[in-house]
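Ligands are counted one by one from 1 in listed order, and the atoms in each one are counted from 1 as well.
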Amino acid sequence: MRQRILTPKPLSEAEERINLSLRPISFSEYIGQQATVAKLKIAIQAAKERQEPLEHILFYGPPGLGKTTLAHVIATEMGARLVGTSGPAIERTGDILGIMTNLKQGEILFVDEVHRLPKVVEEFLYPAMEDFQVDLVVDKGPFAKSIKMPLKGFTLVGATTRAGLLSLALRNRFGMFHHIGFYPDEDIVTIVKRSAHILDCRLDEAALWEVAKRSRGTPRIANRLLRRVRDYAQVKGERMVPAPLAKEALELEGVDESGMDGLDRRFLETIINSYHGGPVGIEAIGATLNEEVDTLVDMVEPFLLKEGLLARTRNGRQATAKAYDYLGVKFKEDQPKLFTNDA
Ligand code: ADE
């Protein structure tokens, strides 16, 4: 599969390692998401004053926006260790039991993609989250009995791109919910400035904006584009990167001024050309593009929806007039226009 420079998911483990060096450690370094940060600071201070573990927290929102980063910041601010895992990595109850029994009072268990936990594991978590104990079945057949095993008071921080896929029972066991949305370009500029400083590369203000406006409001993409600009400037022998140089570097990567790439354009073109502008089901779009539905829902749609290029209606996906405009296709007046965001 071709790698997409604008994917909000990490491209590789090597990229993850670089990102680690760019990751803010504490709230003082963290940029953006002001409402969430303000509420978390209060909750953390209150929990510390009461010497209690923090309530379980659920972060939801598109990938690449720093849900994992925030979990680490919370751990730092609580002065607690973080143990990280993910929904798909936990196959059996035994996997999570081992992790939970090793947690000390106040420590953080971070579960990425929490919506992908197997059902049995999810159910095993309910009493762990609610009463800090688990129900274990020992022995088999007629001798089987259920015993309760106590755990230390820990905090589960869950992250998901799809809050809707979480069972109601699991959702109800979180004490705090925070939506992590796309960052405004101003915040991305500040993030790129900070990262450029750490990576020892210098961009002027206009060059920072060239990177930011192509980053889809996503820090992970911004940091990736910054690294491409840094390489380009180094090869061209420039110490201080001006806007035209940043632009050249990013055009080479096939990213346009609004942060759209080939997959975004093909997604919209499919709706317009193959399905008369929609409404059309996401499965049909996926089949035409030969792309996984999950990829389209997680990685492509959130940004198109935010930009007002796509509408999700009761009857399926629909290209908006703005999408026609963007692609330079004439918008037909007899096009059905069902612009409600409720599907
Ligand atoms: N790097 C990635 N996300 C960041 C954020 N929100 N603040 C500072 N640096 C970041």
Side-chain angles (χ1 to χ4, degrees), residues 4-44 57-78 82 84 86 108 110 112-113 157-161 176-203 205 207-231 241 246 250 253 255 259 298-299 302-303 306:
R4 183 182 179 219
I5 185 125
L6 292 181
T7 183
K9 286 263 168 78
L11 284 179
S12 62
E13 281 186 20
E15 179 172 81
E16 280 291 83
R17 275 196 299 280
I18 298 172
N19 282 345
L20 229 48
S21 68
L22 301 179
R23 193 181 264 177
I25 303 295
S26 61
F27 281 132
S28 62
E29 294 175 80
Y30 192 89
I31 295 150
Q33 308 291 349
Q34 282 88 348
T36 294
V37 167
K39 285 183 262 186
L40 286 173
K41 280 182 174 169
I42 297 279
I44 289 170
I57 303 172
L58 182 69
F59 290 126
Y60 61 100
L65 301 184
K67 296 186 285 292
T68 308
T69 301
L70 262 179
H72 281 275
V73 168
I74 289 171
T76 307
E77 298 284 348
M78 285 296 291
L82 178 145
S86 78
I108 313 273
F110 176 65
D112 203 5
E113 297 188 75
V157 179
T160 178
T161 49
M176 286 179 273
F177 303 83
H178 294 288
H179 178 248
I180 308 299
F182 291 111
Y183 293 65
D185 284 352
E186 293 74 25
D187 287 351
I188 296 286
V189 165
T190 315
I191 290 171
V192 177
K193 196 183 281 183
R194 174 179 175 273
S195 300
H197 182 72
I198 296 170
L199 294 174
D200 196 21
C201 82
R202 292 163 60 200
L203 281 75
E205 191 71 17
L208 291 172
W209 277 92
E210 290 295 335
V211 176
K213 70 187 183 195
R214 290 169 171 83
S215 299
R216 308 162 77 93
T218 306
R220 185 182 286 143
I221 296 177
N223 286 333
R224 184 182 301 142
L225 296 183
L226 170 66
R227 296 198 312 275
R228 297 291 69 80
V229 169
R230 177 174 74 148
D231 287 353
V241 182
L250 296 167
E253 295 289 343
V255 185
D298 280 348
M299 321 270 198
F303 184 67
K306 176 198 158 242

Query raised in the report: Can Arg194 and Glu29 be counted as an ion pair, charged N to O under 4.0 angstrom?
Result: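 Salt bridge flag = yes for Glu29 with Arg194.
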
Query raised in the report: For the residue pair Met299 and Lys9, what are the closest heavy atoms and their distance?
Result: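 Smallest interatomic distance, heavy atoms only, reads CE-CG, 2.9 Å.
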
Report task. Provide the closest heavy-atom pair for Ser26 versus Val73 in the form atom of the first, atom of the second, distance. Result ->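 Answer, listing the atom of Ser26 first, then Val73: C-CG1, 3.8 Å.
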
**Report entry** Among Gly64, Gly66, Pro24, Ser195, closest by any non-hydrogen atom to atom 1 (N) of ligand 1
**Finding:**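 Residue with the shortest heavy-atom distance to the ligand atom: Pro24.
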
**Report entry** Identity of the nearest option to atom 4 (C) of ligand 1, non-hydrogen atoms only, from Ile191, Thr218, Leu22
**Finding:**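 Closest candidate by heavy-atom distance is Ile191.
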
**Report entry** Heteroatom proximity flag, Pro219 to ligand 1, N/O under 3.5 Å
**Finding:**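 Among all N and O atoms of Pro219, none is under 3.5 Å from an N or O of ligand 1.
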
Report task. May I ask whether Gly32 has any heavy atom positioned less than 4.0 angstrom from an atom of ligand 1? Result ->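 Not so, Gly32 does not reach ligand 1.
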
**Report entry** contact_flag Arg23 ligand 1 heavy-atom lt 4.0 Å
**Finding:**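 Per 4.0 Å heavy-atom rule, Arg23 does not contact ligand 1.
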
**Report entry** Residues Tyr30, Leu70; criterion side chain to side chain contact (heavy atoms under 4.5 Å, CB included); working and verdict
**Finding:** CA-CA 9 Å; Tyr30 192 89; Leu70 262 179; 3.8 Å; yes

Query raised in the report: Is the His178 ring parallel, tilted or perpendicular to the Phe59 ring (thresholds 30°, 60°)?
Result: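 If you compare the ring of His178 with that of Phe59, the planes turn out tilted.
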
Query raised in the report: With a cut-off of 4.0 Å, which atoms of ligand 1 are near a heavy atom of Tyr183?
Result: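 With Tyr183 as reference, the close atoms of ligand 1 come out as 6 (N).
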
**Report entry** Closest protein heavy atom to atom 6 (N) of ligand 1, given as residue, atom name and distance to 0.1 Å
**Finding:**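 Looking only at protein heavy atoms, the one closest to atom 6 (N) of ligand 1 is Ile31 O, 2.9 Å.
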
Query raised in the report: Which residue holds the protein heavy atom closest to atom 9 (N) of ligand 1, what is that atom called, and what is the gap in Å?
Result: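 Checked against all protein heavy atoms, atom 9 (N) of ligand 1 sits closest to Arg194 NH1, 3.2 Å.
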
**Report entry** Neighbour count above 12 (heavy atom, 6.0 Å) for His179 NE2
**Finding:**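 Yes.
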
